[in-house]
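Working notes for the structure below.
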Amino acid sequence: MAADPLTTWKDSPSKEAIVDFVWRVCGEQGSPAVPVEDRVAVFDNDGTLWCEKPMPIQLDFILRRLVEVAEAQPELRERQPWRAAYDRDYGWLGAAMTEHYAGDDAKVRMLAGGILAAWEGISVEDFEEQSDAFLRSAQHPTLRRGYLECAYAPMVELLGYLESNGFSNYIASGGGRDFMRPITQDVYGIPRERVIGSSAALAYTDDERGGTITHKAEADYLDDGPEKPVRIWSRTGRRPLLAAGNSNGDIPMLRFAFHDDKPTLRLLILHDDREREFDYIAGAEQALQRAEDDGWTVVSVNNDWTTVF
């Protein structure tokens, strides 16, 4: 008997759906095998591959920078988002993300403006150095573990299972592409060139060091909602066979994983384990309804995972 490829998953319909999908892709149930070059899987990051509560990990990184700016420029302490960062007003910040997933981007636009200004002019190498140092040293505020230890063990195991069966795994996240890149190989086994995410606009300046690329105080794109399928196609030139997400912003990506003639699998992570992680559906209400309507596989943290981290 072959070894269990998903030891951190409970024996449940979700695990059965994953294994059945991989078998069909590999032609182990009599159907034609899908060519390896077409075996593309895409994953949201925050709340899908690692913990996003009480706030996304990148938001912690951003807030620390906004506090530094507010300390240097006291006049900003009365303006959002610097005020929320300086006052540790996590209610305002949490509402920004919840309202975004409900379709109201007023607070998110304020937050984005502060973020873009905070790193204006920094080189891509210096930004990566800051991101890498933060991710490898900072602690989760309530779980009391390093941020890199907040990746979900079952999802990391799933990534390895897919890779061993010829899949190319991609991250397609609303989080910052250049924030995630330094650690995705070490944490997920996903190389940096397969990270799709939001980005600031960049500028190139020629110099004696071969040129420098710096951040501009303007957005290039926000990789969320309808933008996710666009960016996936732009990067891969393919519809994915598998897509995994956890929020309303992932609906277009999950729907994009559709083929008439190939096996497909849509996974929606349901956070329902207050003891081991968090219990919430805010920002995922529409996705859960779509999962029920379209027959997606809902993965329950409580019922489907033997361990979380």
Side-chain angles (χ1 to χ4, degrees), residues 17-18 21-22 24-25 34-50 52 56 58 100-101 105 108 151-152 155-156 158-163 165-185 187-202 219-269 283-284 286-287 290-291 294-299:
I18 292 168
F21 162 74
V22 171
R24 288 185 291 123
V25 168
V34 178
V36 170
E37 59 269 23
D38 291 332
R39 299 181 193 180
V40 171
V42 294
F43 293 81
D44 171 57
N45 189 45
D46 295 311
T48 300
L49 294 181
W50 70 16
E52 67 175 355
Q58 187 172 0
H100 163 67
Y101 287 124
D105 283 343
V108 163
Y152 299 132
M155 297 304 287
V156 174
L158 173 58
L159 292 168
Y161 177 46
L162 293 171
E163 183 179 16
N165 282 279
F167 279 82
S168 295
N169 297 320
Y170 287 78
I171 290 175
S173 174
R177 175 196 65 204
D178 294 337
F179 175 76
M180 297 179 284
R181 276 178 169 172
I183 55 83
T184 58
Q185 180 68 59
V187 177
Y188 304 131
I190 296 178
R192 58 189 295 128
E193 63 270 17
R194 292 189 193 157
V195 177
I196 304 168
S198 300
S199 175
L202 304 174
D220 187 2
Y221 57 88
L222 175 64
D223 187 45
D224 199 30
E227 198 69 25
K228 285 197 174 189
V230 171
R231 296 296 160 183
I232 290 167
W233 179 264
S234 297
R235 182 68 63 84
T236 70
R238 291 179 170 84
R239 284 180 180 263
L241 299 181
L242 181 153
N246 77 301
S247 74
N248 298 337
D250 296 318
I251 293 173
M253 176 181 73
L254 290 160
R255 284 184 54 78
F256 190 56
F258 174 83
H259 295 266
D260 284 321
D261 58 344
K262 299 182 183 70
T264 58
L265 182 65
R266 275 74 74 88
L267 301 177
L268 185 71
I269 310 302
Q286 297 169 30
R290 183 56 66 94
D294 291 357
W296 300 348
T297 299
V298 176
V299 175

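The analysis underlying the following values was restricted to heavy atoms, covering all of them including side chains, and did not include hydrogens, waters or symmetry mates. In this text the structure is predicted, and so the values were computed from the model without any measurement. The first residue in the sequence is number 1, and the count goes up from there.
- Note that CD1 of Ile196 and CD1 of Ile171 are 9.5 Å apart. Values are rounded to the nearest 0.5 Å.
- Among all heavy-atom pairs drawn from Leu49 and Met155, the shortest one is CD2-CB, 3.8 Å.
- In this structure, Met253 and Asp44 approach most closely via the heavy-atom pair CE-N, 3.9 Å.
- A 4.5 Å side-chain heavy-atom check between Phe43 and Ile269 finds every atom pair outside the cut-off.
- Here the closest heavy-atom approach between residue Pro226 and residue Pro229 is recorded as O-CD, 3.2 Å.
- A 4.5 Å side-chain heavy-atom check between His259 and Val34 finds every atom pair outside the cut-off.
- One N or O on the side chain of Asn248 and one on the backbone of Gln286 form a donor-acceptor pair closer than 3.5 Å.
- Considering Arg290, Lys228, Arg266 in turn, Lys228 is the only one that fulfils the salt bridge (Lys or Arg N to Asp or Glu O under 4.0 Å) rule with Asp250.
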Pair Thr264-Arg239, side-chain contact (heavy atoms from CB on, under 4.5 Å): steps then yes or no: CA-CA 10 Å; Thr264 58; Arg239 284 180 180 263; over 6 Å; no

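- With rounding to the nearest 0.5 Å, the separation of CD1 in Ile190 from CD in Glu163 is 9.0 Å.
- Using a distance-only test at 3.5 Å, with no hydrogens or angles considered, no donor-acceptor pair links the side chain of Gln58 to the main chain of Phe179.
- The CE atom of Met180 lies 8.0 Å from the CH2 atom of Trp50; values are rounded to the nearest 0.5 Å.
- Figure legend: Arg235 and Tyr170 shown without cation-pi pairing, the cationic atom not lying both under 6.0 angstrom from the six-membered ring centre and within 45 degrees of its axis.
- Remark: side-chain polar atoms of Ser168 are not paired, donor with acceptor, to backbone N or O of Val40 under 3.5 angstrom.
- Arg39 contributes no side-chain N or O that, together with a main-chain N or O of Leu241, makes up a donor-acceptor pair within less than 3.5 Å.
- Using modelled atom types, no side-chain atom of Thr297 and backbone atom of Leu267 make a donor-acceptor pair closer than 3.5 Å.
- Here the shortest heavy-atom pairing between Leu242 and Ala257 reads C-CB, 4.4 Å.
- In Arg255, the CZ atom is not crowded: 12 or fewer heavy atoms of neighbouring residues, nucleotides or ligands sit closer than 6.0 Å.
- With sequence neighbours left out, the side-chain hydrogen bond (donor to acceptor under 3.5 Å, both in side chains) criterion links Asp178 to Arg181.
- Closest non-hydrogen pair, Leu162 versus Ala41, comes out as CD1-CB, 4.1 Å.
- In terms of heavy atoms, Leu222 sits closest to Gly174 at CD1-O, 4.0 Å.
- Using a distance-only test at 3.5 Å, with no hydrogens or angles considered, no donor-acceptor pair links the side chain of Ser247 to the main chain of Gly283.
- A tilted orientation is assigned to the rings of Phe21 and Phe167, their planes being inclined by 30° to 60°.
- Within the 4.5 Å cutoff, no side-chain heavy atoms of Val25 are placed close to those of Asn165.
- Not a single donor-acceptor pair under 3.5 Å links the side chain of Asn45 to the backbone N or O of Ser173.
- Asp294 has its side chain out of reach of Phe258: every pair of non-hydrogen atoms, C-beta onward, lies at least 4.5 Å apart.
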Stepwise side-chain contact (heavy atoms from CB on, under 4.5 Å) check, Asp220 with Leu202: CA-CA 8 Å; Asp220 187 2; Leu202 304 174; over 6 Å; no

Candidate pair Ile251 and Trp296, rule side-chain contact (heavy atoms from CB on, under 4.5 Å), full reasoning: CA-CA 11 Å; Ile251 293 173; Trp296 300 348; 4.2 Å; yes

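- Within the 3.5 Å criterion, the main-chain N or O of Gly197 finds a donor-acceptor partner in the side chain of Tyr221.
- Relative orientation of the Phe256 and Trp233 rings is perpendicular, given thresholds of 30° and 60° on the angle between their planes.
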